[in-house]
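Reviewing the structure listed below.
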Amino acid sequence: MTMDGGPQFLASDAAKPQYRPQTELVRGAQKRSDFNETSEALYLTSGYVYNTAEEAEAAFKGEADAFMYSRYANPTVRMFEERLALLEGAEDCRATASGMAAVYTALACFVSAGDKVVASRALFGSCHVIIDQILPRFGVKREFVDGGDLNQWEEALKGGAKAVFLETPSNPMLELVDIEAVSALAHAAGALVIVDNVFATPILQRPLALGADIVTYSATKHIDGQGRTLGGAILTTKQFIKERLEPFYRHTGPSMSPFNAWVMVKGLETLSLRVERHCANAEFLARWCETRDGLNRVVYPGLESHPQHDLANKQMTGFGTLVTLNIAGGKAAAFRFLNALTLTDISNNLGDAKSLATHPATTTHQRLTPEERTHLGITDGTVRISVGLEDVEDLVEDIDAALVAALA
Ligand SMILES: *Cc1c(COP(=O)(O)O)cnc(C)c1O
């Protein structure tokens with residue numbers, strides 16, 4: 001970026017990493033202004049000026065790469081988008097105001113009345129609402145399958161589909177979907193595959209390399225990582241962005257604010273360090289919980305007892321930051337457990353430096369019928385823990401004391 005020559009980096013090639021991923025996370029796609037700032041600049045501007053009327057005309061005709069309006073693109077947002085694309089191995093990225101804006105935009109930009117979406121049943125609540133209730137209002141058909149059952153995917157994809165949507169590991173039971181196998185089935189049926197990769201983070205799982213076409217994030221979670229801002233991202237090919245995403249995105253306005261993008265781009269610098277520590281703490285806690293009384297079940301993809309541990313080993317490079325417990329004694333015991341926590345906070349958020357615990361049956365998944373919850377494996381004793389960055393010994397002591405209270 002130069003101070004007088006107009007914006008020059010709008011179309012820079014996001015897809016070619018020059019360095020190894022950790023280096024790109026710190027340095028990738030930085031655009032220094034003529035002030036030579038060390039840190040990424042926050043371009044808190046909604047609009048841009050043109051040096052001449054001819055320049056404005058060329059920008060609107062699409063003949064010149066120029067920032068025109070921050071609903072379309074913004075330099076700070078571009079730094080975030082390009083840096084995340086480098087990490088993901090995606091050709092390009094568009095940032096959104098929230099994870100849900102990313103999911104809705106990724107689907108709505110290319111499905112039409114009469115098209116069919118096939119999705120795994122175990123989804124983040126609002127993703128389920130978009131596919132089950134909102135898109136059908138516009139004539140989009142949908143079918144839900146048990147994500148771990150390839151026969152169900154195959155059956156649902158017979159007769160074709162426009163899109164496949166899945167989340168792996170899933171919220172809150174940490175079930176996995178075989179991205180490679182489902183992508184092959186989806187492509188044979190003519191569908192594009194969208195993976196909600198929030199629980200795995202871009203550090204632990206690369207859906208595009210496994211055959212998926214589009215990856216979405218809630219950057220609100222691990223990418224911010226400190227619970228400050230909302231954000232989302234869509235990563236895919238330049239062609240899809242140009243032909244499908246951009247025409248929808250520009251005119252419907254799900255854009256990320258420059259301030260939030262600035263928080264997120266700084267979040268990327270420490271993402272792999274944080275995720276590594278989150279995972280180490282989560283695995284330690286999960287293994288300790290397995291030895292502890294008062295639990296019917298400890299769910300963590302890194303445990304040999306996880307039914308899809310082999311698949312986790314195959315498609316992930318780490319096992320995630322969440323641990324789900326099934327506390328013996330149902331809702332009363334689960335509530336005693338939550339109310340006895342003194343360090344871990346009760347919160348439905350996740351991916352924060354602070355450890356957070358939630359009771360899905362009465363919060364995030366209370367909208368479902370008891371039968372639907374049972375089908376997903378969510379019981380009244382289920383507690384989901386987003387394992388934070390505290391000293392793991394303090395976390396273990398906190399969970400230990402809460403389990404004593406739950407058993408009382
Ligand atoms: C949080 C979350 C979302 C939604 O993201 P927001 O930033 O809250 O809009 C979507 N999918 C998953 C798996 C999530 O955890």
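We use all heavy atoms of the structure for the numbers below, so side chains are in, but hydrogens, waters and symmetry mates are not. By convention here, the first residue in the shown sequence is residue 1. Quick caveat, the model's predicted, so the values are computed rather than measured. Every number for a ligand or one of its atoms is a count from 1 in the order of the listing.
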query: Would you call Asp92-Arg78 a salt bridge at under 4.0 Å N-O?
result: yes

- If only atom types and distance count, is the side chain of Thr358 paired as donor or acceptor with the main-chain N or O of Arg384 below 3.5 Å? no

*asked:* Under a 4.0 Å threshold between the charged nitrogen and the carboxylate oxygen, would Glu269 count as salt-bridged to Arg83?
replied: yes

Quick one: table the atom pairs, ligand 1 N or O against protein N or O, below 3.5 Å, distance rounded to 0.1 Å.
{"unit_1": "ligand 1", "atom_1": "5 (O)", "unit_2": "Ser218", "atom_2": "OG", "d": "3.0"}
{"unit_1": "ligand 1", "atom_1": "7 (O)", "unit_2": "Gly99", "atom_2": "N", "d": "2.8"}
{"unit_1": "ligand 1", "atom_1": "7 (O)", "unit_2": "Ser218", "atom_2": "OG", "d": "2.7"}
{"unit_1": "ligand 1", "atom_1": "7 (O)", "unit_2": "Thr220", "atom_2": "OG1", "d": "2.6"}
{"unit_1": "ligand 1", "atom_1": "9 (O)", "unit_2": "Gly99", "atom_2": "N", "d": "3.1"}
{"unit_1": "ligand 1", "atom_1": "9 (O)", "unit_2": "Met100", "atom_2": "N", "d": "2.9"}
{"unit_1": "ligand 1", "atom_1": "11 (N)", "unit_2": "Asp196", "atom_2": "OD2", "d": "2.7"}
{"unit_1": "ligand 1", "atom_1": "15 (O)", "unit_2": "Lys221", "atom_2": "NZ", "d": "2.8"}

Practice item. With Lys31 as the cation and Phe67 as the aromatic partner, state whether NZ or CZ is under 6.0 Å from the six-membered ring centre and within 45° of the axis. Key: no

Do Thr105 and Arg94 make a side-chain contact, defined as non-hydrogen atoms from C-beta onward lying under 4.5 Å apart? no

Applied to residues 68-116, the ring-ring contact (aromatic ring centres under 6.0 Å, His included) test, sequence neighbours excluded, yields Phe110-Phe240

